Amino acid sequence: MAEESASVDAPPRDRSPRRESSVDKETRALIVPDAGDLPPFPPSAVEANFARYFVADFLNPGHDQYVYRHPNGLCVVGLAPSHVAFKEEGGITSVDFNVGKSDRSEMKVTGKRKRNAQHLQENSALCKVCTHGNSFVVRCCVKGSLLEINDRLIKQPDLLNTSADREGYIAIFMPKPADWLKIKDKFLSYDEYKNLRGTC
């Protein structure tokens with residue numbers, strides 16, 4: 001009897017449609033965005049994780065490069081789609097990291113403090129990319145510590161022709177925050193570069 005009395009006396013739960021629908025709307029807004037706000041295609045890993053900058057005609061006409069900056073400060077450097085080397089017949093056929101006094105491919109950075117990292121200037125030569133008839137010097141574009149070169153390009157130079165902004169990147173740098181602030185205003189944003197070159 002006591003159990004029956006308790007069940008009779010217990011206040012009914014609020015199951016009003018209004019409350020349930022408001023919770024549903026909030027949850028729905030979190031997990032199902034408005035289709036009208038979605039881009040036609042999902043962003044690539046580069047678009048989602050990096051701020052994209054470009055350098056047009058760096059030291060020479062047509063020598064266009066990109067600098068993709070990660071929130072942790074690392075900068076990925078490579079050839080922009082409009083680089084003059086891509087316009088050569090057959091595209092890029094080889095990559096040489098031996099740029100005179102030092103061979104960048106022999107660099108071995110170790111430890112948390114990045115020992116043996118080369119400290120380079122923005123106009124320092126990074127490598128040479130070669131086509132059937134010409135060679136082009138690729139520059140660092142940023143002042144900082146060279147942490148890694150993409151040694152896959154030595155055996156697979158065609159990565160530059162097929163995916164220069166992903167697997168075909170050339171090097172990774174860590175500039176000091178103060179040095180980055182000094183140089184970033186010289187770069188073009190993605191939209192500025194696209195308007196300038198009409199590509200991407």
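Just so it is clear, the structure is predicted and the values come from calculations on it, not from any experiment.
- Of all heavy-atom pairs between Thr131 and Ala85, the closest is CG2-O, 3.8 Å.
- Closest of all the heavy-atom pairs between Val95 and Cys127 is CG1-SG, 4.1 Å.
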Let me check something: any side-chain donor-acceptor pairs from residues 167-179 under 3.5 Å, sequence neighbours excluded? List them with distances.
from, atom 1, to, atom 2, distance (Å)
Glu167, OE1, Ser163, OG, 3.1
Tyr169, OH, Glu148, OE2, 2.3

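- For Leu181, the side-chain contact (heavy atoms from CB on, under 4.5 Å) partners two or more places apart in sequence, or in a different chain, are Lys184.
- For the ring-ring contact (aromatic ring centres under 6.0 Å, His included) with Phe187, the lone residue among Tyr68, Phe54, Tyr66, Trp180 that qualifies is Trp180.
- Of all non-hydrogen atoms in Phe136 and Val84, the two that sit nearest each other are CE2-CG1, 3.5 Å.
- When the salt bridge (charged side-chain N to carboxylate O under 4.0 Å, His left out) test is applied to Arg69, no partner is found at least two apart in sequence or on another chain.
- Legend: residues meeting side-chain contact (heavy atoms from CB on, under 4.5 Å) with Ala56, ordered by chain and number and at least two apart, are Asp64, Leu188, Leu196, Arg197.
- Judged as a side-chain contact (heavy atoms from CB on, under 4.5 Å), and not counting sequence neighbours, the contacts of Ala51 are Tyr53.
- In this view, Asp185 satisfies the side-chain contact (heavy atoms from CB on, under 4.5 Å) rule with no residue, not counting sequence neighbours.
- Between the side chain of Asp57 and the backbone N or O of Gly62 there is at least one donor-acceptor pair closer than 3.5 Å.
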Next on the checklist: Is there a side chain to side chain contact (heavy atoms under 4.5 Å, CB included) between Leu120 and Lys143? Walk through the geometry before answering.
Outcome noted: CA-CA 6 Å; Leu120 302 174; Lys143 178 183 178 182; over 6 Å; no

Next on the checklist: Before you tell me yes or no, could you show the steps for Leu153 and Val129 under side chain to side chain contact (heavy atoms under 4.5 Å, CB included), namely the whole-Å CA-CA distance, both residues' side-chain angles and the distance that decides it to 0.1 Å?
Outcome noted: CA-CA 10 Å; Leu153 297 177; Val129 296; over 6 Å; no

Checklist entry - After noting the C-alpha distance and the side-chain angles of Phe50 and His70, does the key distance pass the ring-ring contact (aromatic ring centres under 6.0 Å, His included) rule? => result CA-CA 5 Å; Phe50 292 86; His70 193 271; 5.4 Å; yes

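- A cation-pi arrangement is absent between Arg139 and Phe58 under the rule of less than 6.0 angstrom and at most 45 degrees off the ring axis.
- Linking ILVMFWY residues whenever their side-chain heavy atoms come closer than 4.5 Å, directly or via other members, places Leu159 and Phe86 in the same cluster.
- When atom types are taken as modelled, the side chain of Asp96 and the backbone of Lys128 share no donor-acceptor pair closer than 3.5 angstrom.
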